[in-house]
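These numbers come from a predicted model, not from an experiment. Letters A, B, ... mirror the listed sequences (proteins, then strands); counts begin at 1.
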2 protein chains.
Amino acid sequence: MKDIKHFLRQKSLRPTKQRVIIANYLFDGVNKHVTAETLSNELLKMKAGISLATIYNTLHDFYEKGLLKKLMINSERIYFDTNTEHHHHFYSKKDQKLIDINVDMKVSGLPKPPKNKKINKIEVLVHLDN
Amino acid sequence: MKDIKHFLRQKSLRPTKQRVIIANYLFDGVNKHVTAETLSNELLKMKAGISLATIYNTLHDFYEKGLLKKLMINSERIYFDTNTEHHHHFYSKKDQKLIDINVDMKVSGLPKPPKNKKINKIEVLVHLDN
DNA sequence: TATCAGTTTAGAACGATTCTAATGTATTGA
DNA sequence: TCAATACATTAGAATCGTTCTAAACTGATA
Ligand SMILES: [Mn+2]
Ligand SMILES: [Mn+2]
Ligand SMILES: [Zn+2]
Ligand SMILES: [Zn+2]
């Protein structure tokens, strides 16, 4: 609580009531993949009625400060990942769930990128069946 | 023209004027990545004023028949790929462009999938910088 | 404590996609 | 050949996740 406020201030984010609640939930030590909707549902469960606008604002503010990573997995919603290290994912479309792959994976046989283009990062998405 | 009609009939798709125009454009031998919007623009260039509703219907009909693959690259739009073989992509966010990677790539160091889950397919997306 | 920049919020706006229901057309079989 | 009909096209409305707006509120600072 006290240290979450400090943590937010360090990132030049005012520790408002809403941001403290959201940061406490997101950065509790367990990596999470949330959407605005799943986060809103979690907050409602813990009786924190925070408006959707604030949830979107806060996710983007945290993203801007490097506290979250954005994942573009499908065209239906944006996922935010509390694991900001470079890593890969298992994805179950059926469960709409992502699972981190933190081990080192190597992609071999990659062709040269097109002229004047540089590789930024390689993302591996492992689709699960069931 | 004649053989596109035949091609559509083989897939149980009535060769209507609009479907023939769209199929001729998409399956001209050059693999393409289109969105409803980019396809609409191309059709306008060739003076074919086909309604957006028909473009969406046709893309989905072709997808249902296995003539197109759907790519979920970002949360802004759905891409359809005329290359229906399993393959990977370079992606330039700046250009909003996809480039096929058709060579065999291998991903090593992949961990076991979670209990009761089976790997369906592995997708590698190589993000380009500029 | 007063000030004020930054924040929250409800609700409107937006944009990609899907739906609706009226109109049009490819197919077919008499 | 040509109606009958099943399927396709279309404009515009609806939907839904997300962003914007502008008014009310609040944390930081002096
Ligand atoms: Mn989730
Ligand atoms: Mn394209
Ligand atoms: Zn992750
Ligand atoms: Zn492709």
Base, sugar-phosphate alone, or nothing: which one does [X] contact when heavy atoms must sit under 4.0 Å apart?
X: Thr54(A); result: base
X: Asn57(B); result: base
X: Glu37(B); result: nothing

**Item:** Toward the 5' end of DNA chain C, by each residue's nearest nucleotide, Ser51(A) or Ser12(A)
**Value:** Ser12(A)
Could you tell me whether the phosphate oxygens of [N], OP1 or OP2, come under 4.0 Å of any side-chain nitrogen or oxygen in [X]?
X: Arg14(A); N: dT8(C); result: no
X: Ser75(A); N: dT17(C); result: no
X: Gln18(B); N: dG24(C); result: no

**Asked** Using Watson-Crick and G-U wobble pairs with both distances under 3.5 Å, what is the 5'-to-3' dot-bracket string of DNA chain D, with [ ] for crossing pairs and | for pairs outside the strand?
**Response** ||||||||||||||||||||||||||||||
Hey, can you tell me if [X] and [Y] have their rings parallel, tilted or perpendicular (30° and 60° cut-offs)?
X: His88(A); Y: His86(A); value: perpendicular
X: Tyr91(B); Y: His127(B); value: perpendicular
X: Phe62(A); Y: Phe27(A); value: tilted

**Request:** In whole angstrom, give the distance that lies between atom NZ of Lys70(B) and atom P of dT17(C).
**Result:** 10 Å
**Item:** Expected output: side-chain Asp28(A) to main-chain Val30(A) donor-acceptor under 3.5 Å
**Value:** yes
**Prompt:** Just the endpoints, please: which first and last nucleotides of DNA chain D, 5' to 3', lie under 4.0 Å from a heavy atom of chain A?
**Reply:** dG17(D) to dA28(D)
